[in-house]
Structure formats: C-alpha cells, structure tokens
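Since the structure comes first, as structure tokens, the remarks are kept for the end.
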Protein chains: 2
Amino acid sequence: MKKKATIYDIAKELNITVSTVSRALNNFSTISDATKKAVFETAKKLNYSPNRLASSLKSGKTHTIGVIVPSMEIHFFAVVIHSIEQVLKDNGYRILLYQSSESVENEINGVKTLLEAQVDGIIASMSLETEDTSHFQVLKKQQKPLVLFDRVDENLNVPTVTLDDYKAGYLATKHLIDQGYKNIAFVTTVHQNSIFGNRVKGYKAALADHQLEIKESQIIYGGLSIKDGRYGADKLMRAEDRPDAIIAGDDYTALGVIKKLKELELTPPEIGVIGFANETFSGFITPNLSTIDQQASKMGVACAQSFINMIASENPYKKIEHTVIEPLVIVRQSTSK
Amino acid sequence: MKKKATIYDIAKELNITVSTVSRALNNFSTISDATKKAVFETAKKLNYSPNRLASSLKSGKTHTIGVIVPSMEIHFFAVVIHSIEQVLKDNGYRILLYQSSESVENEINGVKTLLEAQVDGIIASMSLETEDTSHFQVLKKQQKPLVLFDRVDENLNVPTVTLDDYKAGYLATKHLIDQGYKNIAFVTTVHQNSIFGNRVKGYKAALADHQLEIKESQIIYGGLSIKDGRYGADKLMRAEDRPDAIIAGDDYTALGVIKKLKELELTPPEIGVIGFANETFSGFITPNLSTIDQQASKMGVACAQSFINMIASENPYKKIEHTVIEPLVIVRQSTSK
DNA sequence: ATGAAAGCGCTAACAG
DNA sequence: CTGTTAGCGCTTTCAT
C-alpha cells in the first residue's frame with residue numbers, strides 16, 4: 001500500500017508547482033482551463049483525496065460544527081440533530097456530536113473537546129443540571145457562533161431557538177375550553193425551568209381570558225412520569241373539586257393520567273387529557289392522546305439557519321436572534337368530546 | 001481579542017523551547033517535574049488550548065471516527081449512536097455524524113467526506129438502497145477500520161455487528177408455541193433483505209422443531225406498516241384456516257394487526273400477536289404488545305468494541321469479528337393467554 | 001533533561 | 001497565468 005497522494009504528487013507528475021495545483025483544485029479563475037483539466041485528471045489518476053486537516057490548519061476554518069445534547073436516546077434531540085445535519089451538510093458543514101448525559105461536567109468537557117477540535121461553532125441544548133453557564137462564554141469570547149435551543153439560558157445573551165412554551169400552555173388550555181371543558185387541572189413538575197413555568201403561565205392566562213377561575217389547588221407539582229401522572233390524577237379525582245380535564249406536563253405523565261382515569265372508569269374524553277411532546281406512542285395508545293407537538297424538525301432547521309447567519313456576518317454577536325417556534329396542537333381522541 | 005496562545009507562547013514565557021513544552025504537556029518522563037509544573041501553570045495562565053488539528057496533521061491520527069446511518073429519526077439508530085458515542089468518548093474518540101437518508105449517493109458522499117476529514121475509521125449501517133458496496137472498500141485499502149452494523153453486507157468481509165435474526169424469528173415463534181398457540185401465521189415484507197428472510201427461516205425452524213406444519217399460505221408478504229398489518233390480519237382471519245396467533249414483521253405492523261383483531265372482536269391475547277423492534281409505543285398500547293427487542297444499546301457497545309479492537313491491532317483486518325447479538329423476547333399482554 | 005530543526009499537506013502573499 | 005516561499009501549530013528525530 002503506497003502512501004496517499006498529495007498535491008505535491010500531482011504537481012510533480014505534471015511538472016508544475018503545488019500552488020498551481022492548489023488553485024486548480026479550488027477552481028481559481030486565474031488558472032487556465034487546460035491546466036485545470038490536467039490537474040483534475042491526474043488527481044483522479046493518482047486517487048487523490050484532499051486532506052482537509054491541512055487546509056483547516058491553514059485557514060482556521062474546519063467547516064465542522066459541534067452539537068451538544070443531553071442524550072440521543074431522547075427522540076426529540078435525535079430529530080433536532082437530524083435536521084441540523086441535513087441543513088448544514090448542504091452548506092458544507094460536518095457535525096461533531098457530543099452527549100452531556102445531563103451532566104454539567106460532561107457539558108464543560110464537551111465544549112472543551114469541541115473547541116480543541118477547532119469547530120467553527122457550537123449548537124447546544126443544556127443539561128438539566130446546568131446552572132452556571134460560564135463554560136459557554138468562551139465561544140463568545142472567541143467570536144465563534146453559539147446557538148442554544150430548547151433548554152437555553154436567557155442570561156447568556158446568545159441566539160436561541162425555543163418553543164413558545166407560554167403559548168403551548170395557552171393553546172392546550174384553550175383547546176380544552178373550546179371542547180367544552182370548564183374545570184381544567186394541570187399536573188406538572190416542580191423543576192425550576194422556564195419551560196414548565198411558562199406553560200403554567202399560559203394555562204393561567206387562557207383560563208383568565210375565558211373567565212374561568214384559576215385555582216392553585218388544581219395545579220399538582222411533582223415529577224414527570226407515568227407514575228407521577230397516575231398519582232396526580234388520583235389526587236385530583238379524590239378531591240372535592242374534581243376537574244373535568246387534565247393537562248399533563250408531558251406525554252408520559254399524560255399516559256399515567258389516562259391509565260388512572262381508565263381504572264376510575266372515567267376514560268377520556270369523558271375527562272379530557274392533553275400532554276406535551278407528541279411522543280411516538282401518543283398516537284397509538286387507547287384512547288389516542290391529544291398533545292402539543294414540539295416541532296423538533298423546525299427547531300433543527302432554525303438552529304442551522306441561525307448558525308449560518310452568524311457565520312456569514314463578520315461579527316456573529318452583532319444582532320442576536322431569538323427564534324420562537326409556534327407549538328402545534330395535535331387533536332386526538334383524548335380531548336374529543 | 002488577542003490571538004489564541006500556542007506552545008510557542010508558553011515556551012517564550014518560560015524561556016524554554018517548544019519541544020520541551022510539547023513534551024511537558026504530553027507528560028513525557030524525560031521532562032523534569034519542575035518544568036512540567038511550570039509549563040502547566042503557564043498554559044493555564046495563558047489560557048492555552050491545544051490545537052488538535054495540528055497534532056493530527058503531524059501524527060496522522062485524528063481520534064475522530066465517522067458514523068454513517070440512514071437517519072437519526074429512526075430511534076434505533078439514535079440509540080446505537082448514543083452508545084457508540086458513550087463508549088468511544090471514554091476512549092478519547094469523537095464522533096463525526098453523517099446521515100445517508102437511505103440513498104447510496106449520499107452514502108458514497110459520506111464516506112468521501114469523512115475520509116477527507118481524516119477520520120480514523122468508520123462505523124456504518126447501510127442505506128436500504130445500497131447494493132454495490134465498493135465505496136466502502138476504500139477503507140480496507142487504506143487499512144482503516146470499518147465496522148458495519150444491522151444492515152450489513154456479508155460479501156464486504158469486514159467486521160459486523162448484527163442481531164441474530166434467525167434466532168429472533170425462532171424465539172418469537174417458540175414463545176407463541178409455549179403459550180399454547182398452534183396455528184401461527186407471519187405477516188412480513190417482500191423486501192429482499194436477509195434480516196427478514198432469516199426471521200422467516202427461524203419461524204419455520206421453530207414450527208418444525210415442535211411438529212407443527214409449515215404452511216406457506218400462512219405467510220403474508222406485503223409491506224411493513226400499520227396499514228399492512230390491518231390488511232394482513234384481515235386476509236388471514238377471512239381464510240378457511242384461521243391462525244390463532246400472528247407474528248408481525250415489525251411493531252407498526254403488529255399494531256395494525258391488533259387494531260384489526262380488536263375490530264373483529266378477537267382482541268389479543270385471544271389471538272396472539274408479537275412484533276419486532278420494541279418500539280417505544282409497544283409497551284403502552286392496549287393490549288401491550290409482546291415483541292422482540294433489537295438491543296440497540298448492546299449493538300452500539302459492540303460496534304465501539306469492535307472498532308477499538310481493530311484500532312489496537314497493527315493489521316485491523318487480520319481477524320474479522322462478526323458479533324451476533326442475541327434477540328430478547330419481551331413478553332407482554334398480547335401473547336399472554 | 002532540553003534544544004534545534006525538519007516536516008505533516010495545504011494556502012496565499014508576493015513576485016514575475 | 002504560474003512559481004517561490006513562508007507558515008498554520010504541533011511532534012519527533014537527532015544532537016547535546
């Protein structure tokens with residue numbers, strides 16, 4: 001196995017210099033067509049493959065972008081990355097992947113690793129553990145694009161792509177009201193995250209807008225899981241003031257709610273149930289679960305777009321875009337009275 | 001914003017040479033502890049971050065590995081990549097991601113792009129379109145590790161990681177037999193792919209081993225989808241010789257089968273139903289779907305392991321490992337008489 | 001234990 | 001239209 005061919009080999013073969021070869025390969029207009037043709041032919045003949053490492057070292061641009069997400073096991077993140085890769089590939093970028101596993105330590109390490117690999121920028125969604133976001137500051141200092149999505153830090157002052165969670169809460173509630181439900185409860189998480197807080201705000205606003213009373217007793221703060229859903233539904237249905245509809249913090253929780261309601265022979269849509277996330281199972285359970293779609297694909301595309309805009313401008317942090325994606329209400333059986 | 005610090009800056013600061021700095025940073029035993037300490041301190045002071053590009057260019061090793069999959073939207077692939085990244089990260093490797101979108105053309109381009117990025121090797125699962133696999137040969141020629149998983153090409157003669165599909169078919173069938181089902185049908189795809197063919201072979205073998213008749217009429221060849229499942233179940237239940245259990249080619253098809261059976265008031269497990277893949281929804285539908293798990297995590301780990309073994313050996317293609325993962329029967333309501 | 005210097009493969013400023 | 005040459009940041013052989 002002989003060594004890989006370089007532009008020197010092409011140059012030698014044609015009795016020209018490497019600069020000519022380099023220019024020919026990069027299709028400079030100053031190179032004669034004849035030379036270009038010869039170069040490309042010889043390149044093919046020698047089985048030449050460019051070493052992007054070398055050009056990157058020289059130019060300082062790797063055309064590689066780092067993506068940090070908590071975990072690819074979470075379908076939402078996989079889909080976001082799917083679209084990021086699709087869009088950025090077409091723009092000549094490669095994706096270097098890093099999972100934080102919901103740990104700040106890993107996240108810090110991810111930024112470090114990616115930066116050492118000289119990525120041209122980073123698109124990230126923060127780990128749940130992350131509070132101090134100073135490790136992301138480095139990118140701003142280096143004037144390298146950083147785009148945050150879904151789990152973002154407002155204070156970081158970088159471009160973000162998020163779902164309009166307020167609106168998501170509002171729309172879920174409004175949908176239930178439109179279906180005729182009047183006493184709407186909310187099973188959510190205690191987790192201190194603006195995502196969940198904003199949904200509750202939207203919920204309250206929708207109630208207020210429709211002259212329905214906001215009762216703190218109808219908001220159950222716990223965790224988000226099937227078990228938490230069962231627990232929340234049980235608690236709500238045992239109370240004096242039974243709700244006629246329940247909004248669950250995510251689809252798993254909604255599933256738990258439905259299971260409990262079925263046991264109580266209050267199968268939705270008798271009691272309305274709506275979740276958040278539009279998990280793959282949501283359309284297949286019985287009854288089908290109405291839910292708010294997170295628009296993962298759109299988010300990915302928006303991230304890629306934001307990134308491209310930043311790269312294109314000489315000062316990436318000149319004007320900071322905050323893209324807010326509209327949530328989508330998916331109406332299914334569980335809320336269709 | 002001043003330029004990034006290099007080993008030259010550290011050297012200058014300490015009045016030593018770059019070679020010493022380089023050796024100190026790489027913890028060579030020939031460097032005195034005092035020097036090392038000084039170097040590390042100055043590195044920190046100057047906010048030094050190594051440029052891996054430069055060392056890669058020199059050493060020829062990027063510690064980056066390319067992963068090509070059809071789509072991250074397919075949860076199975078996302079989970080495999082999840083574990084590949086987890087394992088390889090601990091071994092100092094980064095993951096460069098490429099999606100083929102089930103197109104050979106993209107796949108070819110992926111290999112090219114990744115090779116130009118000088119990856120140390122590639123882990124891939126082929127697109128459904130791929131028949132000619134010569135684009136993968138390059139890696140062998142360059143003696144760079146290539147590991148294929150799930151959708152592999154036997155003729156390529158490279159390490160592979162696959163599920164034992166024969167056994168998967170066998171176990172699904174045997175499970176049904178053990179549950180007392182005696183007339184077992186199979187709804188599968190016409191697609192020419194050894195995966196599906198082997199499952200049918202396993203099915204037939206299990207029937208034979210238990211003195212049950214193999215009837216070609218009980219095997220429905222169509223597509224794999226909810227619709228195909230409905231169609232298959234309908235066809236089977238209308239026939240003279242009605243099965244008492246149905247194996248579906250994947251969980252979506254199984255879902256269709258279940259829906260049709262419910263309509264016919266033959267709700268499983270009255271008629272047994274088992275699928276393949278263990279999709280996230282399978283545990284949540286009613287009745288819960290028994291299925292064969294594809295062991296995505298194990299596959300990812302096995303891929304990473306195979307890759308590491310290849311990298312470690314001077315001749316990666318000396319002995320070619322074929323890892324076969326045992327399928328796992330997930331028993332749920334749909335087969336529990 | 002440390003230094004000097006060549007070179008990985010490519011680009012680009014300068015020269016002609 | 002093409003050649004010369006320095007250099008991107010790091011590693012490593014050969015000296016000392």
Side-chain angles (χ1 to χ4, degrees), chain A residues 2-40 42-43 46-64 92 113 115-120 142 144, chain B residues 2-40 42-43 46-64 92 113 115-120 142 144:
Chain A
K2 54 206 172 302
K3 297 190 55 183
K4 290 175 52 180
T6 72
I7 51 172
Y8 280 89
D9 300 312
I10 301 179
K12 198 180 296 170
E13 186 88 3
L14 292 172
N15 267 314
I16 55 179
T17 60
V18 286
S19 29
T20 307
V21 176
S22 172
R23 286 188 273 246
L25 289 172
N26 290 298
N27 208 26
F28 275 44
S29 56
T30 59
I31 299 290
S32 74
D33 287 348
T35 313
K36 279 185 192 166
K37 186 151 168 280
V39 168
F40 279 108
T42 320
L46 298 181
N47 229 310
Y48 169 76
S49 165
N51 184 336
R52 303 287 178 202
L53 240 46
S55 40
S56 295
L57 180 60
K58 187 92 243 277
S59 67
K61 298 264 146 281
T62 53
H63 293 276
T64 299
T113 308
L115 248 23
E116 290 181 358
Q118 310 300 116
V119 292
D120 289 347
Q142 297 188 206
K144 284 193 175 176
Chain B
K2 56 204 174 298
K3 296 191 56 182
K4 288 176 55 180
T6 72
I7 51 173
Y8 280 89
D9 300 312
I10 302 179
K12 198 180 298 169
E13 186 89 4
L14 293 171
N15 267 313
I16 55 180
T17 60
V18 285
S19 22
T20 308
V21 176
S22 172
R23 285 188 274 246
L25 289 171
N26 290 296
N27 209 25
F28 275 44
S29 55
T30 59
I31 299 291
S32 74
D33 287 349
T35 311
K36 278 183 192 168
K37 187 152 168 279
V39 167
F40 279 108
T42 317
L46 298 182
N47 230 310
Y48 170 76
S49 165
N51 184 335
R52 303 289 178 202
L53 239 46
S55 39
S56 294
L57 180 60
K58 188 89 243 275
S59 67
K61 299 262 146 281
T62 52
H63 294 277
T64 300
T113 309
L115 247 23
E116 290 181 357
Q118 309 301 117
V119 292
D120 290 347
Q142 297 188 205
K144 284 194 176 176

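Sequence lines set the chain letters: A, B, ... in the order given, protein chains first and strands last, and positions in each chain run from 1. These figures come from a predicted structure and were not determined experimentally.
Taking atom CZ of residue Phe28(A) and atom P of nucleotide dT2(D), one finds them 13 Å apart after rounding to whole Å. In this entry the distance linking NZ of Lys37(A) with C1' of dT2(D) reads 19 Å, nearest Å. Distance Lys12(B) NZ to dG9(D) C1': 14 Å, rounded to the nearest Å. Summarising the geometry, the separation between CZ on Arg23(B) and C1' on dC10(D) is reported as 12 Å, rounded to the nearest angstrom. Straight-line distance from the CG atom of Asp9(A) to the P atom of dC8(C): 11 Å, rounded to whole Å. Per the geometry, CG belonging to Leu57(A) stands 18 Å off P belonging to dA6(D), to the nearest Å.
Among the protein residues, Ser32(B) comes within range of the sugar-phosphate backbone only, with heavy atoms under 4.0 Å from sugar or phosphate atoms but none that close to a base. In this structure, Thr17(A) reaches the bases: a heavy-atom distance under 4.0 Å links it to at least one base atom across the strands shown. Nucleic acid contact for Thr6(A): sugar-phosphate only, since backbone atoms but no base atoms lie under 4.0 Å from a heavy atom of the residue. Heavy atoms of Leu53(B) sit nowhere under 4.0 angstrom from any nucleic acid atom. Contact annotation for Ser56(A): no contact, since no heavy-atom pair falls under 4.0 Å across all strands.
Looking at Ser59(A), its side chain does come within 3.5 Å of a backbone N or O of Ser55(A) through a donor-acceptor pair. At least one donor-acceptor pair closer than 3.5 Å links the side chain of Thr62(B) to the backbone N or O of Gln118(B). For the pair Ser22(B) (side chain) and Val18(B) (backbone), a donor-acceptor distance under 3.5 Å is absent. A distance-only check finds a donor-acceptor pair linking the side chain of Lys144(A) to the backbone of Val119(A) [under 3.5 Å].
Remark: Leu115(A) CG to Arg52(B) CZ distance equals 11.5 Å, nearest 0.5 Å. Atom CG of Leu53(A) is separated from atom OG1 of Thr64(B) by 8.5 Å, given to the nearest 0.5 angstrom. With values rounded to the nearest 0.5 angstrom, Lys12(A) atom NZ is found 12.5 Å from Leu14(A) atom CG.
Across Val21(B), Asn51(B), Thr17(B), a single residue satisfies side-chain contact (heavy atoms from CB on, under 4.5 Å) together with Ile7(B), and that is Val21(B).
Each of Thr20(B) and Lys58(B) was assigned the nucleotide of DNA chain C with the nearest heavy atom; the assignment lying further toward the 5' end belongs to Thr20(B).
The base of dC10(D) is paired with the side chain of Tyr8(B) by a donor and an acceptor separated by under 3.5 Å. Residue Arg52(B) places no side-chain atom within donor-acceptor reach of the base of dG9(D), judged by atom type and a 3.5 Å distance cut-off alone. Residue-to-nucleotide contacts include no donor-acceptor pair under 3.5 Å from the side chain of Ser22(B) to the base of dT12(D).
Between Ser19(B) and dA4(C), a side-chain N or O to OP1/OP2 separation shorter than 4.0 Å is absent.
Across dT2(C), dG3(D), dT11(D), the shortest atom-to-atom separation from the side chain of Thr30(B) is found for dT2(C). Proximity note for Ile7(A) (side chain, C-beta onward) versus dT11(C), dA1(C), dT11(D): the nearest is dT11(C). Distance from the side chain of Asn51(B) is smallest to dG9(D) among dT11(C), dG9(D), dC1(D).
Rounded to 10°, the angle separating the first-five-pair axis and the last-five-pair axis of the helix from dA1(C)-dT16(D) to dG16(C)-dC1(D) equals 30°.
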